Amino acid sequence: MIPTLAGVHHLKLPVSDLTRSIDWYRTRLGYVVGIEFHEQGILMGVALHHSAGGPMLGLRRDPEKAAAAAGFDYFSIGVPDKTALEALAANLTGLGESHAGVHFATIGWILPELRDPDGHEIRFYTVESHTELGDHPLVVTDARETNQ
């Protein structure tokens, strides 16, 4: 039996400075705090939501885990198409954020190498596809070397 699933409910990242991270996700990507999690009177986490389709994002204050997770791209956030991805890249550049620009990737277009304040790599990938997946696996060799 194949279980019934309904997409990704939320993503969660450890952060070293919750206030700084909330501000970064708000000003760079348009996220808004929807839920606050307090423990013994201290704000320890938040759930951020996005009014234009972004996945819900949890941030949890945990400096040690944030340092250990820095540099890895745990997920890619979907963007409708290449035009929207190019607009996002331009907006991030205008805000002074460094990234690798928009690139042709395995099945769509990707905007890699944006880093949040803790160094987590945030990637964006188009839902629009230039290659459809079929009955047999698509074999990719040296993806990073050929797509960026």
Side-chain angles (χ1 to χ4, degrees), residues 3-82 84-129 131 133 137-148:
T4 301
L5 303 175
V8 174
H9 183 271
H10 71 277
L11 308 169
K12 184 176 178 181
L13 289 172
V15 300
S16 59
D17 183 324
L18 196 53
T19 302
R20 177 183 69 177
S21 292
I22 291 167
D23 186 60
W24 190 88
Y25 282 92
R26 180 185 58 77
T27 60
R28 292 339 186 242
L29 301 178
Y31 275 91
V32 176
V33 175
I35 305 170
E36 293 183 350
F37 297 94
H38 294 259
E39 295 173 13
Q40 299 177 352
I42 299 170
L43 179 63
M44 293 297 293
V46 294
L48 305 174
H49 63 95
H50 195 274
S51 65
M56 193 159 33
L57 183 60
L59 302 177
R60 169 82 179 169
R61 189 168 69 85
D62 190 329
E64 289 179 13
K65 287 183 181 164
F72 192 75
D73 55 315
Y74 287 91
F75 54 83
S76 293
I77 296 176
V79 176
D81 54 34
K82 185 179 179 192
L85 191 61
E86 289 169 339
L88 173 59
N91 186 58
L92 289 167
T93 298
L95 292 169
E97 293 294 336
S98 175
H99 54 77
V102 175
H103 298 272
F104 185 90
T106 306
I107 59 172
W109 290 267
I110 190 169
L111 172 60
E113 298 184 23
L114 174 69
R115 302 217 184 266
D116 77 358
D118 284 297
H120 301 115
E121 183 177 347
I122 310 299
R123 289 178 167 225
F124 302 89
Y125 208 104
T126 61
V127 175
E128 173 186 51
S129 179
T131 301
L133 298 178
L138 177 64
V139 177
V140 178
T141 304
D142 300 323
R144 288 184 184 258
E145 289 76 17
T146 59
N147 289 329
Q148 295 185 14

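Every value quoted in this text rests on a predicted model; they were computed, and no experiment measured them.
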Do any side-chain atoms of residues 41-58 form donor-acceptor pairs under 3.5 angstrom with protein atoms, and if so which ones, sequence neighbours left out?
residue	atom	partner	partner atom	Å
His50	ND1	Ala52	N	3.1
His50	ND1	Gly54	N	3.3
His50	NE2	Leu29	O	2.6

A side-chain contact here means heavy atoms from C-beta on lying under 4.5 Å apart; do [X] and [Y] qualify?
| X | Y | result |
| --- | --- | --- |
| Leu59 | Ile22 | yes |
| Val79 | Trp109 | no |
| Ser98 | Glu113 | no |
| Trp24 | Asp17 | no |
| Tyr25 | Val15 | no |

> Looking at Pro14 and Ala66, what are the two nearest heavy atoms and their distance?
Replying inline: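 Nearest heavy atoms, Pro14 then Ala66: O-CB, 3.4 Å.
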> Which heavy atom in Ala105 sits nearest to a heavy atom in Ile110, and how many Å separate them?
Replying inline: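 Closest pair (atom of Ala105, atom of Ile110, distance): CB-CG2, 3.7 Å.
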Any donor and acceptor pair, going by atom type alone, linking the side chain of [X] with main-chain N or O of [Y] inside 3.5 Å?
| X | Y | value |
| --- | --- | --- |
| Tyr125 | Ile107 | yes |
| His99 | Ala89 | yes |
| Thr126 | Lys82 | no |

Spacing of [atom1] belonging to [X] relative to [atom2] belonging to [Y], to within rounding of 0.5 Å:
| X | Y | atom1 | atom2 | result |
| --- | --- | --- | --- | --- |
| Ser16 | Arg61 | OG | CZ | 10.0 Å |
| Leu114 | Glu121 | CG | CD | 8.5 Å |
| Leu13 | Asp118 | CG | CG | 8.5 Å |

> ring-ring contact (aromatic ring centres under 6.0 Å, His included): which pairs involve residues 54-74, sequence neighbours left out?
Replying inline: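 Qualifying pairs: Phe72-Tyr74.
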> Taking only residues at least two apart or on different chains, which pairs with a member in residues 34-48 satisfy salt bridge (charged side-chain N to carboxylate O under 4.0 Å, His left out)?
Replying inline: Glu39-Arg60
> Salt bridge check: are Asp23 and Arg20 linked by an N-O gap of less than 4.0 Å?
Replying inline: no
>> Heavy-atom count check: over 12 atoms from other residues, nucleotides or ligands less than 6.0 Å from His9 NE2?
In response: no
